[in-house]
Structure formats: C-alpha cells, structure tokens
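Reviewing the structure listed below.
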Amino acid sequence: MTDRPLRLVIFDVDGTLVDSQADILGAMQLAFAAEGIACPARADVLGVVGLSLPALMPVLAPHADAATLARLVEGYREAYVTLRAHQGSAVSSPLYPGAAQVLSDLQARSEVLLGVATGKSRRGLDKLIEGHALHGLFVTQQVADFHPSKPHPSMIHEALSDTGVAAENAVMVGDTSFDMDMAAAAGVTGIGVRWGYHPQERLTAALHMLDRFSDLPPLLDAIWKD
C-alpha cells in the first residue's frame, strides 16, 4: 500500500477564519475622515475585503489622486493597529464558531498541512496568530507584502512550492470571489463559505460551499477519497 499524498488546506483570514469587520470598518472610517472624504458604505468596504490595500483603495476612492490614495492606505494601517491594540486580536477579530476545533482536528491528520493566503500584512497576520495562540499551526503563510493582490494566483503557487503539495491535493477555503478566482487560476479546488463578506452569488468559481466550519472535514474526505 502506498503512502497517502500530502494534502494542503489554505485558508483566507478575514471573513473566513476571523470576523474582523468591526476593525476593518472602523479603520476605514478613520482613514477617510482624516482626508475629509466621506467613507464608503459598509457593503462597499466589505465587498473589497481580500484585496491588498493598494488595490482596494482606488476602488473605494476612485476620484482620489495618487498622494491621497497613499495617505488613505497608511491611515488605514495606523488606525487598524490602534483599534486592534485597544481590545486585542482575540476580541476585535474573533474566530468564527467551530474554526478552532476544525483547525485542531485537521492539524492532527498526519497527511494534512495547513496554510493561509491573506490580504493582511505580515505584521497583521503575526498579531492575529499571537492573539489567538495559533503559533505553529500554519506551515505556509502568504501575505500581501510579498505578492500581487488576489485574485492573482501567486500566493497559492508559493504555498504549493513551500509544501511540495501538488495542486490537485490542495484546496483554498475563502469567503470572497477573489479567493475563489485565485483558486481557479492556480488549479486548486475552491471551497467557499457562506458566513463571510461576499454573498454566495459572487463566489461563482467555488466548486463547493460550506454552511458551517464543522462541514469542512467531511467535505475534504469526500474530495480526497482514495
């Protein structure tokens, strides 16, 4: 009998693992207020979550010049850090119900590796991992600092390279169209979640959908049945 191949489960972060919308919306309001610009509507802000900041700001402020966009990006970063520090990541960006148990269960499987691919910065992801005591859980961590914005497949390509896992043995779990389009572009299975920031109708590239975290392990068993 041959050994089972390594599998890789890559998670998006905001809107998938954690509900960070309070800090996202609050930081965006502070950044736009500092520039004297009306903050976009909640739905518009959440609709671009997952893109890197330099990619999403022109969407939210299409008439702003380059200098203003740069200040909005930096203002958002500073405001987010301040808001997060006020409460701590575990409170300001709580894990979704069932996430911690599923992560633990999957980590216990010898053939399964876990990773993240996020529009967060390295600093932001480090703080989140620290706040939720997730050290050592994700063997590959792809962040916005070193990649083109989603849905470019660079993050997934690097995760596959890091782990040596073949694309057919990897899945991408996310809540946005950017996650699912990235998965499709990289040739991995896209698993959308219904509890995040994009409505299901936007996740057209998803091959599967989850109603709750606890549905993920049995779905993986079905996808990877030998």
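The model shown is predicted, which means the values in this text are computed figures rather than measured ones. All residue numbers in this chain count up from 1 along the given sequence.
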Practice item. Count the heavy atoms of every other residue, nucleotide or ligand shown that sit under 6.0 Å from NE2 of His135, and state whether that count exceeds 12. Key: yes
Point to revise | Test item: Ser20 side-chain N/O and Asp23 main-chain N/O as donor-acceptor pair under 3.5 Å | key: no
Revision key, fill the gap. Between Met182 and Met155, the two heavy atoms sitting closest are SD-CB, 4.1 Å
Exercise for review: For the pair Phe11 and Phe138, evaluate side-chain contact (heavy atoms from CB on, under 4.5 Å) and give the outcome as yes or no after the intermediate values.
Suggested key: CA-CA 9 Å; Phe11 292 94; Phe138 303 112; 4.3 Å; yes
Check your understanding: Step by step, would you call Val139 with Leu114 a side-chain contact (heavy atoms from CB on, under 4.5 Å)?
Key -> CA-CA 6 Å; Val139 300; Leu114 303 180; 5.9 Å; no
Point to revise | Separation between CG of Leu30 and OG1 of Thr82, rounded to the nearest 0.5 Å | key: 8.5 Å
Point to revise | Rounded distance [0.5 Å steps], CZ in Arg42 versus CE in Met28 | key: 13.0 Å
Practice item. Please check if Leu60 and Leu83 belong to a single hydrophobic cluster, counting links between Ile, Leu, Val, Met, Phe, Trp and Tyr side chain heavy atoms closer than 4.5 Å. Key: no
Exercise for review: Please tell me if the side chains of Leu6 and Asn169 come closer than 4.5 Å, counting only heavy atoms from C-beta onward.
Suggested key: no
Point to revise | Carboxylate-amine/guanidinium contact Asp145 Arg123, below 4.0 Å | key: no
Review point. Ion pair present between Arg122 and Asp126, side-chain N to carboxylate O less than 4.0 angstrom?
Key: yes
Review point. Is His132 reaching over with its side chain to a backbone N or O of Leu134, donor-acceptor style, under 3.5 angstrom?
Key: no
Check your understanding: Do the non-hydrogen side-chain atoms of Met180 and Thr204 ever get within less than 4.5 Å of each other?
Key -> no
Point to revise | Joint cluster assignment, Leu113 & Ile129, ILVMFWY side-chain distance < 4.5 Å | key: no
Point to revise | Side chain Thr68, main chain Ala64, donor-acceptor under 3.5 Å | key: no
**Study point:** Single-linkage hydrophobic cluster, 4.5 Å side-chain cutoff, Leu106 and Val165 together
**Key:** no
Practice item. Decide yes or no for Val18 and Pro94: does some side-chain heavy atom of the first lie under 4.5 Å from some side-chain heavy atom of the second? Key: no
Check your understanding: With side chains defined as the heavy atoms from C-beta onward, is the minimum distance between Val173 and Val9 less than 4.5 Å?
Key -> yes
**Study point:** Flag side-chain contact, heavy atom, 4.5 Å: His208 against Ile223
**Key:** yes
Review point. For residues Tyr197 and Asp19, is any side-chain donor paired with an opposing acceptor at under 3.5 Å?
Key: yes
Revision key, fill the gap. Smallest heavy-atom separation, Ala222 atom then Lys225 atom, equals O-CG, 3.4 Å
Point to revise | Donor-acceptor contact present, side-chain His147 to main-chain Pro153, <3.5 Å | key: no
Check your understanding: Only one of Thr176, Asp175, Asp179, Thr118 forms a side-chain hydrogen bond (donor to acceptor under 3.5 Å, both in side chains) with Thr16, so which one is it?
Key -> Asp175
Check your understanding: Are side-chain heavy atoms of Leu125 and Val116 found at a separation under 4.5 Å?
Key -> yes
Practice item. Starting from the C-alpha separation in whole Å, work towards a yes-or-no answer on side-chain contact (heavy atoms from CB on, under 4.5 Å) for Glu35 and Leu72. Key: CA-CA 7 Å; Glu35 294 299 316; Leu72 284 169; 3.7 Å; yes
Review point. Does any N or O in the side chain of Ser161 come within less than 3.5 Å of the main-chain N or O of His157, such that one atom is a donor and the other an acceptor?
Key: no
Point to revise | Leu128 reachable from Trp195 in the ILVMFWY side-chain graph, under 4.5 Å edges | key: yes
Review point. Can Arg194 and Asp211 be counted as an ion pair, charged N to O under 4.0 angstrom?
Key: yes
Review point. Do the side chains of Ile10 and Ile156 get nearer than 4.5 Å, heavy atoms only?
Key: yes
Practice item. Start with the C-alpha distance between Tyr80 and Lys127, add both sets of side-chain angles, then the distance that settles side-chain hydrogen bond (donor to acceptor under 3.5 Å, both in side chains), and finish with yes or no. Key: CA-CA 12 Å; Tyr80 194 95; Lys127 285 293 186 181; over 6 Å; no
Exercise for review: May I ask you to say whether Asp181 pairs ionically with Arg202, meaning some side-chain N is under 4.0 Å from a carboxylate O?
Suggested key: no
Review point. Side chains of Leu56 and Phe178: closer than 4.5 Å at any heavy-atom pair?
Key: no
Exercise for review: Show the numbers, then the answer: is there a side-chain contact (heavy atoms from CB on, under 4.5 Å) between Leu51 and Ser149?
Suggested key: CA-CA 6 Å; Leu51 296 177; Ser149 179; 3.6 Å; yes
Check your understanding: Is the side chain of Lys120 donor-acceptor paired with the backbone N or O of Ser52 at a distance under 3.5 Å, no angle test?
Key -> no
Review point. In terms of side-chain geometry, is the basic nitrogen of Glu111 or Arg4 positioned less than 4.0 Å from the acidic oxygen of its partner?
Key: yes
Practice item. Tell me, with the steps shown, if Gln21 and Asp14 meet side-chain hydrogen bond (donor to acceptor under 3.5 Å, both in side chains). Key: CA-CA 8 Å; Gln21 64 177 292; Asp14 296 311; over 6 Å; no
**Study point:** Pairwise distance CZ(Arg109) to CH2(Trp224) - rounded to 0.5 angstrom
**Key:** 8.0 Å
Revision key, fill the gap. Between the CE atom in Met57 and the CD atom in Glu74, the distance rounded to the nearest 0.5 Å is 10.5 Å
Revision key, fill the gap. OG1 of Thr140 to CG of Asp162, rounded to nearest 0.5 Å, is 3.5 Å
Point to revise | Under 3.5 Å: donor-acceptor pair, side chain of Arg7, backbone of Ala170 | key: no
Check your understanding: Atom CG of Leu53 and atom CG of Leu69: how far apart are they, to the nearest 0.5 Å?
Key -> 11.5 Å
